[in-house]
Structure formats: structure tokens, C-alpha cells
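Protein chains get the first letters and strands the later ones, always in sequence-line order, with residue 1 at the start of each.
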Amino acid sequence: MTADPARLEAWFANQGWTPFGFQREVWSAMAAGRSGLLHATTGSGKTFAVWMGALQRACLGPGLQVLWLTPMRALAADTVRALQGPLPVLAPDWQVAARTGDTPSADRARQERRWPQALVTTPESLSLLLTRADARDVLGAVHTVVVDEWHELLGSKRGVQVQLALARLRRWCPTLAVWGLSATLGNLDEAMRALVADADGLLVRGRIDKSLRIDTVLPPAAGRFSWAGHLGAQMRVPVIEEIERASTTLVFTNVRSQAEIWYQWLLQERPQWAGEVAVHHGSLDPSVRAWVEAGLKAGSLKAVVATSSLDLGVDFLPVERVLQIGSAKGVARLLQRAGRSGHAPGRESRVTLVPTNTLELVEAVAARRAALAGRVESRQSPDKPLDVLVQHLVTVALGGGFDDDLYDEVRSAPAYVGLTRAEFDWALRFCERGGDSLGAYPDYHRIALVDGRWCVPDRGIARRHRLQVGTIVADASMPVKWLGGGVLGHVEESFIARLKPGDVFVFAGRVLEFVRARDLVAYVRASSRSRGAIPYWGGGRMPLSTELAEAVREVLDEARLALGVSVARDGLDASGIPDPAGPAQPLALASAPQAATVLAEPEMQAATPMLQAQARLSRLPARDELLVERMRSREGHHVFVYPFAGRNVHIGLAQLLAWRLARGVPNTWSISVNDHGFELLAAREPDLRALDDGSVLAAGDLMADVLASLNSGELAQRRFREIARVAGLVFSGYPGAPKSLKQLQASSGLFYEVFRKYDPANLLLGQAEQEVLSQELELQRLSDALARMAGQRRVTVELKAPSPFALPLMVERLRERLSTEQLKDRLERLVAASERALQPARGRRAREAVGAGQV
DNA sequence: GACCTGCTGCGGTTTG
């Protein structure tokens with residue numbers, strides 16, 4: 001028995017709503033039993049579209065029929081509320097309930113006595129349901145699964161876990177309908193296929209009429225806006241004025257400390273706002289966060305400063321304005337944040353960018369252009385991660401067991417279409433015997449064949465497995481110790497992993513030499529060198545996306561053309577600007593008038609002083625040029641390169657170049673990177689012929705060189721820790737008695753060593769290496785960048801003073817080893833040098849500088 | 001006058 005479509009209309013009419021076209025489209029597809037992906041912004045009525053469709057398929061009666069997956073516990077309760085609305089009309093017998101990690105045990109018990117017809121849950125909780133011996137009894141009648149915020153899950157192992165669970169459910173109910181809800185993605189078709197697998201899926205685009213506005217808060221004095229920096233202190237007053245003009249504003253920052261700082265600034269400038277502004281990020285206690293979210297919902301807060309912790313969730317917020325402080329880093333991220341405003345059908349979404357340095361003014365134009373053109377990043381599902389498979393095999397063995405045909409079921413999950421029988425059998429044997437090296441340890445004999453079915457005979461193993469379900473592994477930090485003992489503090493493992501013995505870095509105000517990492521402690525000794533500081537790379541998880549980086553190159557190129565034209569027209573001595581029509585640059589001058597329009601953008605007008613300074617002190621590179629700047633200072637010999645390819649790629653490029661350059665003539669390089677370029681600083685005069693002739697940029701044996709230039713063994717070992725945890729090799733302890741991080745690290749390090757020695761064919765080792773290359777080093781992006789650079793003309797400029805492009809890189813490096821006061825002094829000297837070089841009277845020097853750079 | 005750095009997300013045993 002299914003609900004009458006007329007009743008759907010009646011329910012909507014009752015609310016005073018008329019269904020949108022896309023909602024009807026979803027209903028009819030679902031009534032026909034189809035699966036699909038609904039692409040729509042939040043607050044567009046997508047929840048109702050899919051929920052009403054699910055009810056049309058309802059077989060009224062007891063038993064679980066609809067599963068609704070959400071990536072965040074906090075969204076579950078909201079979703080239950082939203083789903084309950086139409087129930088009295090359409091399915092009065094139905095119950096909707098949430099089940100996540102924070103569901104009280106009394107509620108769980110009640111659910112298990114009589115399952116609700118619809119359950120809102122997380123991917124992890126669904127996997128836990130699959131570990132129940134009665135999994136098939138509980139889940140066998142599920143005919144519809146909705147995966148909310150699929151774009152959030154798709155690219156991660158959490159998404160793979162969802163795919164495996166769906167494969168299981170599909171086995172039990174071949175007519176299973178799966179619907180994903182997703183925000184904008186560059187690869188919606190692929191995203192849908194990952195979810196619906198072989199089914200004939202329908203991609204529905206909801207409410208595309210929603211208008212989008214991306215504008216920028218301009219710095220008060222454009223000519224004096226900082227070339228470097230990420231905090232945005234100069235934007236305090238303009239931001240506060242924006243907040244004052246709106247009822248409620250969400251202020252997004254990129255990092256937690258920045259959120260805290262901005263929160264303090266707001267209170268300093270407007271003490272009367274105490275109690276009306278708040279801060280929200282992932283390190284805050286959940287109770288504080290809940291208070292802030294409730295305040296937002298109630299409309300009692302004027303502004304909240306947040307990190308991406310507020311990207312999702314808290315639906316139906318009365319947020320009027322969204323500000324983004326600093327780079328949005330990606331188009332999808334910007335759109336997501338824009339979507340937090342105008343959160344109702346028909347209302348405009350608006351996000352206002354707040355640049356924190358002059359290059360971000362250019363980036364703002366690029367971001368708007370890419371966003372309006374729909375150049376949105378793609379997300380790829382991980383390719384057959386074996387750690388997730390191993391976990392799933394144990395899960396299924398617990399949940400009623402399996403026999404030989406599980407291989408086909410697993411391969412029906414799109415992430416595993418390429419899984420070979422040998423790989424599957426390896427995973428199976430690994431669950432059975434712990435692979436070639438752990439045969440003697442019963443703890444790793446997790447599954448066994450009993451009466452032709454694989455199951456988990458040991459109750460202790462079963463219990464521990466249920467405690468370990470999931471793929472999220474928290475970041476770890478490593479203590480930094482003197483060789484003689486004594487802890488200096490903790491730093492991210494990812495940082496230590498990139499160090500080679502002998503590397504010098506700065507930490508806790510000291511210059512330290514990295515000696516070795518052992519048992520996950522970084523041992524150091526004091527270094528007598530004053531330079532050689534390697535920057536702190538942090539997580540480096542937020543590089544400028546490929547799409548945004550490309551748009552920045554585009555906008556810069558147009559600005560170069562337009563500025564060249566306008567400077568010449570204004571009769572200014574074109575001293576600083578290499579003649580755009582000169583023979584060295586056979587430019588497509590036809591595009592100049594087009595390019596001139598880019599300067600009409602208000603952000604570009606504000607950025608013009610910086611761009612002119614760059615042109616005079618150095619050069620604005622054309623798209624087919626790779627700008628290399630060199631400078632001598634008391635620090636040594638600087639080489640700046642600007643591929644505009646995002647910081648992860650620049651880390652790899654900088655390491656690679658330093659390594660290749662030092663291969664000929666040994667030298668010690670300090671490295672500094674940002675999203676636009678990188679700096680190599682050598683103490684001794686370097687031999688740059690390989691850079692000049694381009695041979696250093698040759699693809700060559702890229703993989704081998706990258707591996708050699710980085711401490712890839714450390715990287716892989718760190719990666720392996722996650723894999724060991726997901727694959728269930730490492731047990732993190734019972735709730736209330738968790739094992740220390742050190743214990744966990746020691747044991748996963750042990751596994752890594754044992755496998756390498758006694759089980760080198762262990763496929764989890766290979767997975768660790770693959771993940772390092774593809775995710776951390778972004779090898780594909782790196783080789784793309786290298787290919788592009790090799791095809792560009794290198795233009796080398798000798799700098800007399802730091803250029804606007806170079807200054808942020810120098811600051812980045814200096815910051816690591818100077819106190820705030822020292823840095824301030826140093827910066828003042830650097831900037832003064834740039835300003836002197838820019839004086840008209842010294843135009844001759846600048847001209848010389850630029851002239852010397854012509855290739 | 002220019003400086004502050006890197007996000008998010010989940011799960012939960014114990015049974016003589």
C-alpha cells in the first residue's frame with residue numbers, strides 16, 4: 001500500500017506551499033522505484049522532496065523501511081523534526097526516530113523492541129547495525145535510503161563505508177531505492193554513480209533559480225593595504241560596520257585561533273556586544289557549541305565567528321549575512337558558506353569576502369568569477385581502500401556471517417569495482433589469520449569458517465570490533481624531546497614526518513636540529529645555526545583548489561595586460577613594466593580590451609597599487625611565463641618561484657627543486673611556501689644553472705625524486721597508523737579506559753615494522769604509500785604543475801628589494817624564528833626597502849633590476 | 001603600518 005499522490009499535494013497545500021517542479025520530479029521517479037541524486041542548496045525543500053517520495057513507496061506496517069543517513073549527529077534530531085511534519089497525513093502509523101552515538105540506551109532499547117519505520121542515523125551507526133546477528137531481520141525490509149550531505153561523505157572513507165553498507169542492503173532488498181542529497185560538486189554524475197551503483201539513477205537539479213552574490217569588503221586605504229598576513233587586522237572596522245548593518249552575521253575564518261582573535265576584536269571594538277556575539281569551532285566543548293547554535297536559531301545573536309564547524313547543520317538559521325575572512329580556498333567551500341545566508345526559498349544567497357592581504361583582493365575576483373561560472377571542485381571516492389574492506393568483512397561476519405558470494409556484493413560498491421579476487425582473498429585471509437606475520441596471535445584470527453559461513457567466534461573480538469567501527473582517525477601530535485630527555489612540547493606528526501635528520505627547525509622559541517624520530521618521539525638537539533628554519537607546514541590540508549588557483553592565474557594575466565595598457569596610456573613612464581608589445585613577449589594584444597574590464601572590478605582597483613609595485617619592482621608574469629625572482633640579502637641567496645598552484649604542490653615542488661639543485665652542488669636550503677609560490681633560501685651562493693636551463697623542472701623520474709626528496713618512509717608510516725586503526729589492528733581501548741596515544745602509536749609502528757620485515761607483500765603497506773602520494777603530496781597535481789612550468793618561459797628578475805609577491809613568503813619564513821617585535825622591525829625594514837625602490841627618483845634602479853631580469 | 005595559522009566529522013563494553 002502506498003500513499004496517494006493526491007495526498008502529497010494536499011499536505012503541501014495545507015502548509016500553504018506549492019510543490020516545486022523538482023520535488024514532483026523526485027516523487028515520480030521514486031514512485032517508479034528509481035534511485036538518484038538531488039542536487040540542491042540547503043533550505044530549498046529537498047528534504048521534503050525525498051521524504052515524501054519515500055512515503056509514496058511506504059509499505060505501511062511495522063519494521064524499518066526508510067534509512068536516512070546524516071554525516072553529523074547534530075543534524076539527526078533536526079531531521080527527525082522535519083520528517084515528522086507530514087506523517088499524520090500520509091502515514092499516521094509511522095514513527096521516525098534518530099539513532100546515533102548519543103542516543104540514550106533507554107531509547108535504543110525501546111527502538112529495538114519495536115523498530116520505527118524510519119531511522120535517522122550516521123554511517124557509523126548503520127555499520128554498527130550491520131554487526132548485529134539479527135541485522136537482516138532489522139534491516140531486510142528497508143526499501144529506501146536517503147544519504148544527506150553526500151558531497152561531505154563522498155570523498156572520504158566514510159563514504160566508502162556507506163557504499164559497502166548499501167551493497168549489503170541491496171542484497172537484501174534488490175529494489176532498494178537510494179537517494180543522495182548533495183550541494184554543488186564538479187562531478188555530480190560521478191557522485192551519483194558512487195551512490196546508486198548499477199541502478200539507473202536520475203540526477204535532479206533542485207532550485208537553480210537561487211541567486212548568488214559574492215562581494216568584497218574593501219580595505220579602507222587601498223594603497224596601504226598589507227602585502228602579507230592572514231589575520232586581517234586592517235579590516236576590523238569595516239567588518240564591524242558590516243555586522244552592524246545586518247540582523248545576524250556569520251563570520252567564517254579559516255582557523256580556530258583566528259576565530260578566537262576576531263571574537264576578541266569584535267568585543268574590544270564594541271563592548272556592548274557582550275552576550276550578543278559568540279565563537280564556534282571544533283575545539284570548543286559541545287555544550288558551548290550547542291548554546292551558540294541555539295542562540296543562532298533563536299535569533300538572539302548578532303554575530304558568530306566560526307570555522308567550518310558551522311558549514312553544516314543548524315538548518316533554517318536566520319542568518320542574514322555571511323562574511324568570509326581570508327581566502328575561501330575553494331569554490332565549493334565558498335558556495336557552501338554563501339548558502340548559509342538567504343536560507344529560504346527564493347532568497348538571495350550572499351557571501352562577502354574579507355581579504356586579509358592584497359593578493360586576496362585578486363583572489364576575490366577569481367573566486368567570484370569561478371563561482372558564477374560554476375567551476376566547482378570535484379570529489380573522488382577513494383579507490384578500493386583495503387582497510388575499510390577489512391573492517392567491513394569483520395562487520396559482515398558478525399552480522400549473520402557470509403559465504404563465498406560476498407566478493408560480488410563488495411564489488412557492487414562502486415569504490416570496489418576494480419577489486420581483484422586476489423585482493424579480496426588477501427583481505428579475507430588477513431581477517432582470518434592476520435596475514436603472513438601475525439599467525440601466532442589469536443587476537444588477529446578474527447573470522448573463521450563455521451559450517452561454510454565466515455563468522456566471528458570470539459566474543460571479545462566481536463566486542464572490540466563494535467567499539468572500533470568507523471573510519472575517522474583523530475590527528476596525533478608528537479612530543480619533541482631533547483636527546484638528553486626533557487620535553488619541549490608537542491608538534492604535529494605530519495611536520496616531523498617531513499623532516500630528515502639534520503634538518504633545522506624552530507620550535508618553542510629555539511633553533512633545533514632534528515636528530516631522529518623513535519617510538520613516535522621527535523629527538524632534537526640545539527642548533528648553532530641561526531638560519532635554516534623550515535616552515536611549520538601545519539596540516540596543509542587546505543591548499544587553494546586547482547579551480548581557484550587557475551582562476552587566479554587568469555585574473556592576474558588580464559590585470560597584467562590591462563595595467564600595461566593603462567600605464568602606457570596614462571603616460572606614466574613604463575619603467576617598471578616590461579613592454580607588453582616587446583619582442584620578448586609576443587602577447588595576444590587582441591585580448592587587451594577584454595582584459596581591461598577586469599580593472600573595473602572594485603577589488604582590482606584596490607589591488608592596483610600592489611600590482612603596479614609588483615610590475616615595477618619585478619614583473620607581473622604572463623600566463624605563459626614562470627616568474628623567478630632572485631635576491632641577495634644578509635640572510636643569503638633567495639629564489640622565489642610563483643607557479644600559483646596551491647600550497648601542497650608548492651611544498652612538493654620546493655622540496656623537489658631544492659633536492660635536485662643540491663644534487664649537483666651540495667647546499668642547504670630553507671623553504672617557505674604559500675598558495676601562490678615558494679621561496680628557496682640558500683646560505684651559500686647556489687648553482688642555479690639547472691633552474692635557468694629548465695632541466696630542474698624536467699618530469700624525469702618524478703616519483704623517485706619526490707620520494708627521495710621527502711622523508712617518505714616517515715610519511716607512509718604515519719599514514720599506516722590510520723590504516724591500522726581502520727583495519728582493526730590497533731585497539732584504542734574501552735570507553736572510560738582509553739589507551740594512551742603513545743600506546744596506540746607504538747603498536748601501529750610495531751605493525752608497520754613487522755609487516756615490512758616479515759610480510760612485505762602486505763597490501764596495507766602499499767595502501768599507505770599510495771595514500772601518501774595521492775592525498776598528501778597530490779602527485780597528480782604536482783606533475784601537472786611541473787608539466788605546465790616546463791612549458792612556460794622562465795623569466796628571471798633580480799630583486800633589489802622584496803616584491804609584493806615575495807614579501808609574504810619572507811614573512812612566512814621569518815615568522816617561524818623571530819619574536820613578534822623582531823618580526824615587526826624586520827618587516828618595517830623590508831617594506832621600507834621596497835618603498836625606497838619604488839620612489840620615482842630611483843626608477844633607474846628598478847629599471848635596471850627589471851632589465852637584468854629579461855631573458 | 002604592515003605580525004600573529006592552518007577545518008570538520010563518528011563510535012561505545014561489561015552478561016553468573
Just checking A/Ala228: base, sugar-phosphate only, or nothing, at a heavy-atom cut-off of under 4.0 Å? sugar-phosphate
It should be established whether A/Arg99 places a side-chain nitrogen or oxygen under 4.0 Å from OP1 or OP2 of nucleotide B/dC10. no
For a quick check of understanding: with a heavy-atom distance under 4.0 Å over all strands, which category does A/Ser125 fall into, base, sugar-phosphate or nothing? sugar-phosphate
Rounded interatomic separation in angstrom, taking NZ from A/Lys329 and P from B/dT5: 13 Å
Given B/dC7, B/dC10, B/dT5, the nucleotide with the shortest approach to the side chain of A/Arg158: B/dC10
Without decimals, in angstroms, what is the distance between A/Glu293 CD and B/dG9 C1'? 13 Å
The answer to which of A/Ala74 and A/Asn254 contacts DNA chain B further toward the 5' end, by nearest nucleotide, is A/Asn254
Of the options B/dC10, B/dT8, B/dT5, whose atoms approach the side-chain atoms of A/Met72 most closely? B/dC10
Rounded to whole Å, how long is the line connecting atom NE2 of A/His280 with atom P of B/dC7? 15 Å
Between atom CE in A/Met235 and atom C1' in B/dC3, what is the gap in whole Å? 17 Å
From the list B/dC10, B/dT8, B/dT5, which nucleotide is the closest neighbour of the side chain of A/Arg289? B/dT8
A/Leu809 CG to B/dC3 P, straight-line distance once rounded to whole Å: 14 Å
Geometric class of the A/Phe678/A/His650 ring pair [parallel <30°, tilted 30-60°, perpendicular >60°]: tilted
Could you please name the option among B/dT5, B/dT15, B/dG12 that lies closest to any side-chain atom of A/Leu128? B/dG12
Which nucleotide wins on minimum distance to the side chain of A/Arg725, given the candidates B/dT8, B/dG11, B/dC4? B/dG11
Should we count CZ of A/Arg459 as having more than 12 external heavy atoms under 6.0 Å? no
For A/Lys329 and A/Asp675, run salt bridge (Lys or Arg N to Asp or Glu O under 4.0 Å): C-alpha distance rounded to whole Å, both residues' side-chain angles, the deciding distance at 0.1 Å, then the answer. CA-CA 9 Å; A/Lys329 301 289 182 185; A/Asp675 274 323; 2.6 Å; yes
A/Ser309 vs B/dG9: side-chain N/O to OP1/OP2 distance below 4.0 Å: no
Under 4.0 Å between a side-chain N or O of A/Arg108 and OP1 or OP2 of B/dG12? yes
Which residue lies more 5' along DNA chain B, comparing A/Val255 with A/Ile472 via nearest heavy atoms: A/Val255
Are the charged groups of A/Arg464 and A/Asp443 less than 4.0 angstrom apart, N to O? yes
Is the phosphate of B/dG9, meaning OP1 or OP2, less than 4.0 Å from a side-chain N or O of A/Thr122? no
Contact class for A/Gln391 (heavy atom, under 4.0 Å): base, sugar-phosphate, or nothing? nothing
Ignoring the backbone of A/His230, work out which of B/dA2, B/dG9, B/dC4 is nearest its side chain. B/dC4
Among A/Val138, A/Thr395, A/Leu398, which residue meets the side-chain contact (heavy atoms from CB on, under 4.5 Å) test with A/Arg132? A/Val138
What contact category does A/Thr100 fall into here, base, sugar-phosphate, or nothing, at under 4.0 angstrom with non-hydrogen atoms? sugar-phosphate
Side-chain donor/acceptor of A/Thr307 to base of B/dC7, under 3.5 Å: no
Need one value for A/Leu153: base, sugar-phosphate or nothing, where a base atom within 4.0 Å counts as base even if backbone is also close, heavy atoms only. nothing
Using side-chain heavy atoms (C-beta onward) and a distance below 4.5 Å, is A/Leu231 in contact with A/Gln258? yes
Before accepting this row, confirm whether a basic side-chain N of the pair A/Arg333/A/Glu377 lies closer than 4.0 Å to the acidic partner's carboxylate O. no
Over all strands shown, is A/Gln234 touching base, sugar-phosphate only, or nothing at heavy-atom distances under 4.0 angstrom? base
Separation of atom CZ in A/Arg132 from atom P in B/dG12, rounded to whole Å: 12 Å
Mind checking A/Arg73 for me? I need base, sugar-phosphate or nothing, with any heavy atom below 4.0 Å counting as a touch. sugar-phosphate
If you check the A/Arg463 side chain, which of B/dG12, B/dT14, B/dC10 turns out closest? B/dT14
Within the 4.0 Å heavy-atom criterion, would you say A/Lys157 contacts the bases, only the backbone, or no part of the nucleic acid? nothing
Interatomic distance, A/Gln161 CD vs B/dC10 C1' [rounded to whole Å]: 9 Å
Counting side-chain heavy atoms from C-beta on, which of B/dC4, B/dC10, B/dG12 comes nearest to A/Leu231? B/dC4
Mind calculating the distance between CZ (A/Phe731) and C1' (B/dT14) to the nearest angstrom? 12 Å
